[in-house]
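Computed over heavy atoms, backbone and side chain alike; hydrogens, waters and symmetry mates excluded. From a predicted model like this one, the values you see are computed outputs, not experimental measurements.
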Amino acid sequence: MVFITEDLIRRRAEHNNCEIFSLEEIALHQQDLERIEHIDKWCKELKILYLQNNLIPKIENVSKLKKLEYLNLALNNIEKIENLQGCESLQKLDLTVNFVGELSSVKSLQHNICLRELFLVGNPCAQFNGYRQYVVAMLPQLKWLDGKEIERSERIQAMQDYPQVQVQIKAQEADYLYKRALEREAAQEKMTEKKIEPRKLHKKNPGFDGRWYTDIDNTLPQSSENKENSSETDRDNEAVGTDEEEKDKEFWQQPSLYTPESRLETHQYLEEKRKSKEGRSDEKKKEKPQRTLVTAEGRILNVNEPKLDFSLADDEENNQFVLDLAIHRHLDISLVDVDIQPNYIKVLVKKKPFQIVLPAEVKPDSSTAKRSQTTGHLVVAMPKATGQIQAKPSCNNLQKSTKTVEKLEVDPKAYSFPDLANIVKERSSAPQGPLQLQTGMPKVIENNEYFIDDPDVPPLI
């Protein structure tokens with residue numbers, strides 16, 4: 001039996017951030033529920049409630065939902081319309097394919113003045129003569145019945161024929177209730193006479209405690225005695241399978257009435273069959289044999305069960321081996337286990353082994369394993385057991401090791417630089433201070449052919 005729990009409602013309220021106090025719509029269909037409970041206390045703001053295709057026999061615990069506008073209870077075991085007077089805002093009620101036989105219980109919906117649509121198709125009361133006229137006359141606020149609009153002329157005619165239709169409905173309802181009482185008694189007698197025996201799914205060997213153990217000698221050929229036992233077990237399982245098929249065929253071919261009790265019986269049969277099938281599959285399922293990592297001769301095998309990319313590099317400068325294993329970037333480190341041995345390394349990634357043989361012996365105690373912060377890969381550094389770390393050449397050693405640079409000597413005569421001192425001729429320093437008259441005659445440039453010494457021209461100052 002499935003109950004309505006807070007966890008169930010929160011899981012179905014993901015569209016509302018799992019908040020139930022402000023929830024306005026929730027779908028609880030196909031949950032095998034057998035009772036309505038807690039919803040009116042936890043979800044008071046609810047406007048739409050889906051409860052179709054369950055095993056609910058009674059409408060209850062919804063009267064406090066003042067804002068409820070749509071209630072879907074199709075495909076359940078409801079036999080009477082009740083406990084909906086408090087749903088003041090109810091506009092649509094779906095009771096398709098239930099077991100409502102008390103058509104007079106429709107009168108309780110008169111208090112729901114906002115009700116506009118009602119679905120009763122598929123119920124026993126829908127087969128009564130005068131069913132539609134009775135409902136139309138009983139619920140004047142209704143606009144649609146079973147998906148068909150109620151016209152004004154139809155309502156007037158239903159109100160006029162109501163006295164005669166009411167008498168017919170009461171008589172048919174009484175006949176149905178008497179028939180229904182007989183069906184309940186027959187179902188009760190059938191349940192008491194029926195003996196529920198545990199189904200034997202397989203024949204257990206003596207001393208079998210239900211647990212599986214790993215046989216260390218599983219490589220040996222199977223003995224004749226074991227073969228006989230296994231063949232007997234297979235024959236027993238085949239016999240059980242044929243027996244189950246016969247019982248299943250008998251159950252479905254047996255004629256039965258469509259009643260709430262037969263619906264519950266079918267549900268229980270399917271549930272038992274599902275559980276027995278799961279139990280049988282669990283017992284048949286054997287523990288997966290562990291992959292061989294070391295042969296009987298002691299030879300280490302290379303295994304990559306998780307199918308990860310990897311690279312094993314020989315770092316000669318640091319005298320170590322570096323393993324780069326491309327595990328998933330977002331994989332939690334708790335799912336990775338590293339085991340370093342002198343001759344090999346084994347990494348368990350989600351319980352799947354990765355193992356590789358090393359080219360030389362390493363020091364497990366000095367090895368380190370880290371996750372790359374960029375790629376998420378697992379990087380394992382394993383120092384070698386033999387050899388020395390090569391020192392990196394320093395700058396001073398590089399200078400000493402380099403040969404002396406020989407400079408090329410060039411003949412200075414090939415490249416003669418101009419004398420800057422001879423570019424500009426030196427001038428005689430001009431007298432400083434106040435202007436002084438130049439005494440004496442200026443020097444006559446006698447070498448100039450154009451010079452004429454005119455005595456009449458006074459000398460220049």
Could you tell me whether Y258 atom OH has more than 12 heavy atoms of other residues or ligands within 6.0 Å of it? yes
Please tell me if the side chains of P359 and D314 come closer than 4.5 Å, counting only heavy atoms from C-beta onward. no
With no hydrogens and no angle check, is any side-chain donor or acceptor of Q110 less than 3.5 Å from a backbone partner on M138? yes
Is R371 reaching over with its side chain to a backbone N or O of G376, donor-acceptor style, under 3.5 angstrom? yes
Is any side-chain heavy atom of I36 closer than 4.5 Å to one of I56? yes
Short N-O contact, E261 and K190, less than 4.0 angstrom: no
N53 side chain to H29 backbone, donor-acceptor under 3.5 Å: no
Do D315 and E317 make a side-chain contact, defined as non-hydrogen atoms from C-beta onward lying under 4.5 Å apart? yes
Check the surroundings of atom CD1 in I113: do more than 12 heavy atoms from other residues, nucleotides or ligands lie under 6.0 Å from it? no
Exercise: do Y131 and N123 side chains pair donor with acceptor under 3.5 Å: no
With no hydrogens and no angle check, is any side-chain donor or acceptor of D337 less than 3.5 Å from a backbone partner on K351? no
Could you tell me whether D332 atom CG has more than 12 heavy atoms of other residues or ligands within 6.0 Å of it? yes
Minimum-distance pair of heavy atoms, taken over all atoms of L28 and Q31: O-CG, 3.5 Å
Distance-only, no hydrogens or angles: does the Q355 side chain make a donor-acceptor pair with backbone N or O of V294 under 3.5 Å? no
Under the side chain to side chain donor-acceptor pair (under 3.5 Å) definition, can you give me all pairs with a residue in residues 8-26, not counting sequence neighbours? E6-R10, D7-R11, N16-S22
Minimum heavy-atom distance between F128 and Y176, given as atom pair plus value: CZ-CB, 4.1 Å
Between N98 and I78, is there a donor-acceptor pair closer than 3.5 Å when you use the side chain of the first and the backbone of the second? yes
Quick one: side chain to side chain contact (heavy atoms under 4.5 Å, CB included) partners of S367, sequence neighbours excluded? I340, M382, P383
Could you tell me whether the side chain of R132 and the main chain of D146 form a donor-acceptor pair under 3.5 Å? no
Mark yes or no for whether N72, through its side chain, and A74, through its backbone, hold a donor-acceptor pair below 3.5 Å. yes
With heavy-atom distances below 4.5 Å as the criterion, would you say the side chains of L115 and Q141 are in contact? yes
Test item: I39 and V62 side chains (from C-beta on) under 4.5 Å apart, heavy atoms: no
Flag the pair F354 / L308 as yes when at least one side-chain heavy-atom distance between them is below 4.5 Å, and no otherwise. no
Considering residues, nucleotides and ligands other than K107, do more than 12 of their heavy atoms fall under 6.0 Å from its NZ? no
Checking R35 side chain against P57 main chain: does a donor-acceptor pair fall under 3.5 Å? no
Checking salt bridge (charged side-chain N to carboxylate O under 4.0 Å, His left out) for the pair E271/R274: CA distance, chi angles, key distance, verdict? CA-CA 5 Å; E271 190 69 15; R274 182 184 64 83; 2.3 Å; yes
State, to 0.1 Å, how close I26 and I9 come at their nearest heavy-atom pair, and which atoms those are. CD1-CG2, 3.6 Å
Between D339 and Q341, is there a side-chain donor-acceptor contact under 3.5 Å, judged purely by atom types and distance? yes
Could you tell me which non-hydrogen atom of A381 sits nearest to which non-hydrogen atom of Q320, and how far apart they are? CB-OE1, 3.7 Å
Got more than 12 heavy atoms from elsewhere within 6.0 Å of CD, E183? yes
From CA spacing to verdict: side-chain hydrogen bond (donor to acceptor under 3.5 Å, both in side chains), S108, S105: CA-CA 6 Å; S108 63; S105 61; 5.8 Å; no
Mind listing the closest non-hydrogen atom pair of N77 and R263 along with its distance? OD1-NH1, 2.9 Å
Spell out, as yes or no, whether a donor-acceptor pair under 3.5 Å connects the side chain of N83 to the backbone of N61. no
With a 4.5 Å heavy-atom cut-off, do L46 and L23 have their side chains touching? yes
